[in-house]
Q: 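Okay, handing you the structure first.
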There are 2 protein chains.
Amino acid sequence: MRRDIFQAVADPTRRAIIALIALQAMTPNAIAENFNTTRQAVSKHLRILTECELVKQEQKGREIYYSLEIDKMKEIDKWIEQFRKIWETRFNQLDQVLATIKKNKK
Amino acid sequence: MRRDIFQAVADPTRRAIIALIALQAMTPNAIAENFNTTRQAVSKHLRILTECELVKQEQKGREIYYSLEIDKMKEIDKWIEQFRKIWETRFNQLDQVLATIKKNKK
DNA sequence: TATTTGCGAAACCGAAAAGTTGCATATATA
DNA sequence: TATATATGCAACTTTTCGGTTTCGCAAATA
């Protein structure tokens, strides 16, 4: 069981679930209605998402509402940041090259 | 074969390879030296990364240099963006709440 | 109280993935 | 030219993953 956030996000259904519950909490049944799978399959995805703390539960009677733990998503953003730095640097360099060309044309 | 960028990035070894070749191109042998796996395993990872266009090759004699296709990483960033919006909004809301508390204290 | 509903957990299955081994090919080098 | 080196590719094995089915439990409802 690897259960890290990148592995959790690798599955397209789980990404869809994440997007679905990002703004409002939903029950497993309600979530499952949006997909071509059974409630149990969704339940399994939710367990994986819960295990890596991407999702939190709130029990209301016999219903359980799942919602996104948005802060956890920042971990992915944090990993991406190192690459963002690279492409921003390159963009600035390209920008300078273009500026130089423009200057020389005058 | 799913071969999408999220599945590619799910593997920790592949993430390490990506980080390794982000700044300078490297040969499979040189990359493999950084891990506890065989060259063939690394080669397989590189193939997967190449297939989803995260990595590009440059042949030099009998050596092949692999480097990161940084633009492709933007796809992950793009997906994260929708959530960044959410947490930034919440942060601003929290900020307002704090400002209001401060104001009322005066 | 009996039945329905919402849910998680375990057992099972088929497909896919990750790693290993062995081999083929092309480029260096002695 | 013979050998060593760098690499990719295919076959095979083991593990993991996603899904379904079945079950049990608790809460709602008739």
Side-chain angles (χ1 to χ4, degrees), chain A residues 1-21 24-69 72 76, chain B residues 1-21 24-69 72 75-76 79:
Chain A
M1 265 183 276
R2 251 191 290 145
R3 286 306 103 101
D4 71 88
I5 193 175
F6 290 97
Q7 189 258 341
V9 150
D11 184 84
T13 304
R14 282 198 288 269
R15 283 202 301 281
I17 291 175
I18 287 173
L20 205 56
I21 63 174
Q24 92 256 35
M26 289 175 78
T27 65
N29 264 321
I31 295 168
E33 277 169 19
N34 293 275
F35 302 103
N36 285 338
T37 49
T38 58
R39 175 191 62 78
Q40 282 87 342
V42 169
S43 195
K44 238 178 158 180
H45 284 306
L46 287 170
R47 189 156 75 95
I48 290 167
L49 293 170
T50 306
E51 272 171 19
C52 58
E53 297 170 312
L54 259 169
V55 147
K56 59 172 181 280
Q57 321 175 5
E58 198 185 344
Q59 184 112 22
K60 277 199 176 173
R62 66 180 165 185
E63 291 179 328
I64 301 177
Y65 284 85
Y66 286 87
S67 59
L68 184 62
E69 198 75 79
K72 196 73 179 181
I76 297 175
Chain B
M1 263 182 276
R2 252 193 290 147
R3 287 303 105 100
D4 72 88
I5 193 174
F6 290 98
Q7 188 259 341
V9 149
D11 185 88
T13 305
R14 282 199 288 269
R15 282 202 302 282
I17 292 175
I18 288 173
L20 205 56
I21 63 173
Q24 92 257 34
M26 289 174 80
T27 65
N29 263 322
I31 295 168
E33 277 169 18
N34 294 274
F35 302 103
N36 286 337
T37 49
T38 59
R39 178 192 60 78
Q40 280 88 341
V42 169
S43 195
K44 234 179 163 182
H45 284 306
L46 286 170
R47 189 155 75 94
I48 290 167
L49 293 170
T50 307
E51 272 171 21
C52 58
E53 297 170 311
L54 258 169
V55 147
K56 60 173 182 283
Q57 322 176 4
E58 198 183 345
Q59 185 111 23
K60 276 197 177 176
R62 66 181 165 183
E63 291 179 328
I64 301 178
Y65 285 85
Y66 286 86
S67 59
L68 184 61
E69 197 76 79
K72 195 73 178 180
E75 282 187 22
I76 297 175
W79 182 71

Q: If the condition is salt bridge (Lys or Arg N to Asp or Glu O under 4.0 Å), which residues does A:Glu63 pass it with, not counting sequence neighbours?
A: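 Expected list: none.
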Q: For DNA chain C, find the residues of residues 25-35 of chain A with a heavy-atom distance under 4.0 Å and give them by number; none if there aren't any.
A: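 The stretch gives A:Thr27, A:Pro28, A:Asn29 as the residues lying under 4.0 Å from the strand, ordered by number.
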Q: Which residues pass the salt bridge (Lys or Arg N to Asp or Glu O under 4.0 Å) test with B:Arg62, sequence neighbours left out?
A: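 B:Arg62: no salt bridge (Lys or Arg N to Asp or Glu O under 4.0 Å) contacts found.
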Q: Please give, in whole Å, the distance from D:dC17 P to A:Glu51 CD?
A: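 It is 11 Å, rounded to the nearest whole Å.
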Q: Let me check the geometry of the helix from C:dT1-D:dA30 to C:dA30-D:dT1. What is the bend angle between the axes at its two ends, five pairs each, to 10°?
A: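 Axis angle across the helix from C:dT1-D:dA30 to C:dA30-D:dT1, nearest 10°: 10°.
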Q: Apply side chain to side chain donor-acceptor pair (under 3.5 Å) to A:Glu69 and list each qualifying residue two or more places apart in sequence or on a separate chain.
A: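 Scan of A:Glu69 (side chain to side chain donor-acceptor pair (under 3.5 Å), adjacent residues dropped) gives none.
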Q: Report the residues that fulfil side-chain contact (heavy atoms from CB on, under 4.5 Å) with A:Arg15, sequence neighbours left out, ordered by chain and then residue number.
A: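 Residues passing side-chain contact (heavy atoms from CB on, under 4.5 Å) with A:Arg15: A:Val9, A:Pro12, B:Asp4, B:Phe6, B:Trp79.
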Q: At under 4.0 Å between heavy atoms, which parts of nucleotides 19-30 of chain D does protein reach? Answer with one letter per nucleotide, 5' to 3': B base, S sugar-phosphate only, - none.
A: BBBB----BS--
Q: Describe the nucleic acid contact of A:Leu46 in one word from base, sugar-phosphate, nothing, applying a heavy-atom distance below 4.0 Å.
A: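 Nothing, no heavy atom under 4.0 Å.
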Q: Among all residues two or more places apart in sequence or in another chain, which pass the ring-ring contact (aromatic ring centres under 6.0 Å, His included) test with B:Tyr66?
A: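 So B:Tyr66 forms no ring-ring contact (aromatic ring centres under 6.0 Å, His included) with any residue.
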Q: Could you check how far CD1 of B:Ile64 sits from P of C:dA26, rounded to whole Å?
A: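 Going from B:Ile64 (CD1) to C:dA26 (P), I get 12 Å.
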Q: With respect to the phosphate group of D:dC17, does any side-chain polar atom (N or O) of A:Gln7 fall under 4.0 Å of OP1 or OP2?
A: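 True: A:Gln7 side-chain N/O within range (under 4.0 Å) of D:dC17 OP1/OP2.
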Q: Which residues pass the salt bridge (Lys or Arg N to Asp or Glu O under 4.0 Å) test with A:Lys44, sequence neighbours left out?
A: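 Expected list: none.
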Q: Can you give the donor-acceptor pairs under 3.5 Å from side chains of residues 25-41 of chain A to other protein atoms, not counting sequence neighbours?
A:
{"residue": "A:Thr27", "atom": "OG1", "partner": "A:Ala30", "partner atom": "N", "Å": "3.3"}
{"residue": "A:Asn34", "atom": "ND2", "partner": "A:Ala30", "partner atom": "O", "Å": "2.9"}
{"residue": "A:Asn34", "atom": "ND2", "partner": "A:Ile31", "partner atom": "O", "Å": "3.4"}
{"residue": "A:Thr38", "atom": "OG1", "partner": "A:Ala41", "partner atom": "N", "Å": "3.3"}

Q: Rounded to whole Å, how long is the line connecting atom CZ of A:Arg47 with atom C1' of C:dG6?
A: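 From A:Arg47 CZ to C:dG6 C1': 18 Å.
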Q: I need the CD-P distance between B:Glu63 and C:dA28, as an integer number of Å.
A: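 After rounding, the reported distance stands at 9 Å.
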